[in-house]
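Below: the structure, in structure tokens.
For the numbers below, each heavy atom of this structure counts, side chains included, while hydrogens, waters and symmetry mates do not.
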Amino acid sequence: MIASRTKVGLVAGALILFGLGLTAYKVISLDLPLWPGESREVWTIESKISFKPTDGPVEVELQMPQALGGWVLLEEHFASSGFGFSVLEQPSGKIARWSRQTLEYPTTLYYKIQGYRAHQDDLPDLPVTESAPPLLEPDQDAAMERLVADLRERSSGALTFTSLLIQALTQPEPGQDAEFLLGTYRQTPVQVMLDVLAYAGIPAHTVRGIRLQDGRRRQTLSALLEVHDGEDWQLFDPETGASGLPDDFFIWQRGDGAVLRVMGGRDSRLEFALLSNSLPAKTVVSMEQRSDDFALLNFSIYALPVEQQGIFKGILLLPVAAFVVVLMRILVGIRTSGTFMPILIALAFLQTTLWVGLGIFLTLVSVGLWIRSWLSYLNLLLVARVSAVVIVVILLMAALALVSYKLGVDQALTVTFFPTVILAWTIERMSILWEEEGGREVLMQGGGSLLVAVLAYLVMSISVVEHLTFNFPELLVSLLGVILLVGKYTGYRLSELYRFRNMVNMK
């Protein structure tokens with residue numbers, strides 16, 4: 001019979017060698033970079049078209065983006081199972097077309113691109129065409145005329161006119177004419193701005209695109225204003241009034257026209273999922289093209305839809321946090337309130353930032369313990385008591401978010417990233433521990449949990465760790481082997497060595 005320690009050692013050794021061997025294979029054969037510093041920031045943008053069919057043939061057209069503003073598009077992928085598919089060349093650019101004779105169920109179509117911004121470049125020139133003045137009711141026309149006259153009086157040209165117009169329509173308390181137009185229009189504020197510019201005889205159109213935020217899901221198109229000043233086109237952010245193309249803006253369509261057309265369908269919706277990865281551009285293209293050849297060995301997350309890739313980008317960091325918990329509890333001897341609580345709190349810190357997250361956590365737990373002490377006098381059963389604490393925690397989170405919003409502290413709005421049930425159960429456990437062991441034990445376990453969560457957060461925040469876990473998930477197999485080895489440790493912990501330090505000097 002093989003001893004238990006030997007069995008664990010063999011299994012752990014096999015796991016470690018497997019993970020390291022597969023990582024070496026991907027580095028050598030697939031040319032994946034081991035360190036994030038060797039790469040570019042490559043964005044994967046996946047558009048999702050969902051709709052419900054009606055009677056008759058179905059035809060879906062999607063305006064495809066162009067490489068503008070210094071962007072380089074690496075690869076395009078289309079998902080068109082059961083549909084006829086073609087790419088059409090139009091004066092406005094390329095259009096992807098899906099077609100089908102009949103369809104009986106709601107359908108989702110996908111179009112994915114990969115690209116990176118090589119440099120900042122000016123947009124190509126466009127022909128200048130003046131838009132026709134909008135058709136208005138008499139009272140709207142009067143308000144429009146007064147607003148345009150006021151803006152012309154205070155501006156020196158088309159660009160300053162546009163800046164003043166954005167300011168007039170976006171300020172908290174707009175003027176009487178601006179407020180009237182915003183209230184009577186059935187259009188967005190951007191469309192109101194376009195109508196005002198057309199009324200003033202200033203050529204303008206929208207530039208629609210995507211705000212680049214890593215891991216963002218279900219994002220819709222945003223719009224910029226592009227105005228001609230008589231010589232060049234100039235971009236404006238219709239929300240802030242800032243001029244120029246923002247660094248985090250990917251242009252999808254420039255000019256008028258529909259981005260999505262669905263014929264033979266209803267309730268159509270266009271959403272985007274975004275993901276940023278630190279990889280060489282040629283590596284991303286090579287990996288996409290050769291994924292079928294290495295299906296058994298290339299455990300790449302890139303095969304998943306972008307929305308799921310963003311989820312796994314955070315999930316794959318959890319084993320790292322678990323490893324930190326194992327080291328701190330088994331080797332160091334720090335006591336924590338459970339195993340999962342420090343891991344999930346560390347994950348929440350990634351979204352809230354460390355100091356804001358600590359403040360939110362301490363506030364919620366402190367107030368929750370005070371309310372839980374009052375609930376103890378009611379002699380409720382455990383299930384009812386924990387349920388009541390969950391409701392209290394949710395109300396506290398909502399109140400904290402509302403107060404933070406009113407005070408202008410936007411970072412505290414990330415309170416929603418904290419796991420509600422874990423917080424409620426932590427409050428319940430700490431309350432019971434207070435009653436049975438006293439306040440000192442609560443401080444020991446609560447402080448230990450926070451310390452471990454902070455250490456896990458610091459490790460998870462390292463760019464190399466994020467890069468390795470996402471691009472080489474097989475390393476988690478090696479990490480599992482290391483955890484198995486640590487799990488067989490039965491010697492002294494560091495805290496115990498400190499506790500019995502005086503025995504060293506005894507003869």
Side-chain angles (χ1 to χ4, degrees), residues 47 61-63 65 68 92-93 123 126-152 154-155 157-211 218-229 233-246 249-262 266-272:
S47 61
E61 292 184 350
L62 175 67
Q63 180 74 48
L68 300 176
S92 59
L123 300 181
L126 284 179
V128 179
T129 57
E130 293 188 6
S131 302
L135 298 176
L136 303 173
E137 299 292 336
D139 52 352
Q140 292 177 328
D141 186 80
M144 183 81 74
E145 183 178 2
R146 289 193 298 269
L147 177 61
V148 169
D150 177 66
L151 294 175
R152 277 178 172 162
R154 296 187 291 121
S155 63
L159 300 185
T160 54
F161 182 96
T162 305
S163 297
L164 292 173
L165 171 62
I166 295 174
Q167 181 181 352
L169 296 180
T170 58
Q171 60 184 342
E173 297 182 1
Q176 183 177 357
D177 293 326
E179 186 175 9
F180 175 77
L181 291 176
L182 290 172
T184 57
Y185 261 61
R186 295 183 179 179
Q187 305 288 345
T188 62
V190 174
Q191 187 60 50
V192 178
M193 296 176 188
L194 288 174
D195 284 351
V196 174
L197 291 170
Y199 194 94
I202 299 175
H205 56 251
T206 57
V207 173
R208 279 172 280 193
I210 305 166
R211 299 283 183 178
R218 299 176 183 175
Q219 184 173 343
T220 56
L221 289 173
S222 301
L224 300 177
L225 285 176
E226 191 168 29
V227 179
H228 199 269
D229 63 354
W233 290 97
Q234 181 68 43
L235 286 170
F236 287 89
D237 190 324
E239 296 181 359
T240 64
S243 61
L245 179 64
F249 194 89
F250 175 79
I251 296 177
W252 194 276
Q253 183 197 47
R254 187 183 181 203
D256 300 325
V259 176
L260 175 66
R261 296 184 181 92
V262 178
R266 59 183 177 86
D267 299 335
S268 61
R269 185 171 180 84
L270 177 62
E271 297 177 331
F272 299 87

**Message:** Would Thr170 and Glu239 count as a side chain to side chain contact (heavy atoms under 4.5 Å, CB included) here? Give the steps.
**Reply:** CA-CA 7 Å; Thr170 58; Glu239 296 181 359; 5.7 Å; no
**Side-chain heavy atoms of Leu245 within contact of Leu224, under 4.5 Å** = yes
**Leu270 side chain reached by Ser47 side chain, heavy atoms, under 4.5 Å** = yes
**Message:** Using side-chain heavy atoms (C-beta onward) and a distance below 4.5 Å, is Leu123 in contact with Trp233?
**Reply:** no
**Message:** Would you say that Thr184 contacts Gln140 through its side chain, given a criterion of any heavy-atom pair below 4.5 Å between the two side chains?
**Reply:** yes
**Asked** When rounded to the nearest 0.5 angstrom, what is the spacing between CE in Met193 and OG1 in Thr188?
**Response** 8.5 Å
**Minimum heavy-atom distance Ser243-Gln234, with the two atoms named** = CB-NE2, 3.5 Å
**Message:** Do Arg254 and Leu235 make a side-chain contact, defined as non-hydrogen atoms from C-beta onward lying under 4.5 Å apart?
**Reply:** no
**Message:** With salt bridge (Lys or Arg N to Asp or Glu O under 4.0 Å) as the rule and sequence neighbours excluded, what pairs involving residues 190-211 come up?
**Reply:** Arg211-Asp237, Arg211-Asp248
**Asked** For Asp150, which of Arg146, Arg154, Arg152 qualifies under side-chain hydrogen bond (donor to acceptor under 3.5 Å, both in side chains)?
**Response** Arg154
Which donor-acceptor pairs under 3.5 Å do side chains of residues 197-206 form with protein atoms, sequence neighbours excluded?
| unit_1 | atom_1 | unit_2 | atom_2 | d |
| --- | --- | --- | --- | --- |
| Tyr199 | OH | Asp141 | OD1 | 3.3 |
| His205 | NE2 | Glu226 | OE1 | 2.6 |

**Asked** In Å and rounded to the nearest 0.5 Å, what is the CD to OG1 distance from Gln167 to Thr160?
**Response** 11.5 Å
**Message:** Using side-chain heavy atoms (C-beta onward) and a distance below 4.5 Å, is Val207 in contact with Leu68?
**Reply:** no
**Message:** For Ala258 versus Gln253, what's the shortest heavy-atom pair and its separation?
**Reply:** O-NE2, 3.7 Å
**Request:** Please indicate whether Gln171 has more than 12 foreign heavy atoms, meaning atoms of other residues, nucleotides or ligands, lying under 6.0 Å from its CD.
**Result:** yes
**Message:** How close do Pro246 and Gly244 get, counting heavy atoms only, and between which atoms?
**Reply:** CD-O, 3.3 Å
**Complete:** For Pro174 and Ala168 the tightest heavy-atom approach is CB-O, 3.4 Å
**Asked** Does the side chain to side chain contact (heavy atoms under 4.5 Å, CB included) test come out yes or no for Thr220 and Arg269, once each step is laid out?
**Response** CA-CA 9 Å; Thr220 56; Arg269 185 171 180 84; 4.1 Å; yes
**Request:** First locate atom CG of Leu151, then atom CZ of Phe161, and finally report the distance between them rounded to the nearest 0.5 Å.
**Result:** 4.5 Å
**Asked** CG/Leu181 to CG/Leu169 distance, rounded to the nearest 0.5 angstrom?
**Response** 7.5 Å
**Asked** Is the backbone of Ser222 close enough, under 3.5 Å, to the side chain of Trp252 for a donor and an acceptor to pair up by distance?
**Response** no
**Complete:** Across all chains, not counting sequence neighbours, the side chain to side chain contact (heavy atoms under 4.5 Å, CB included) partners of Pro189 are Leu182
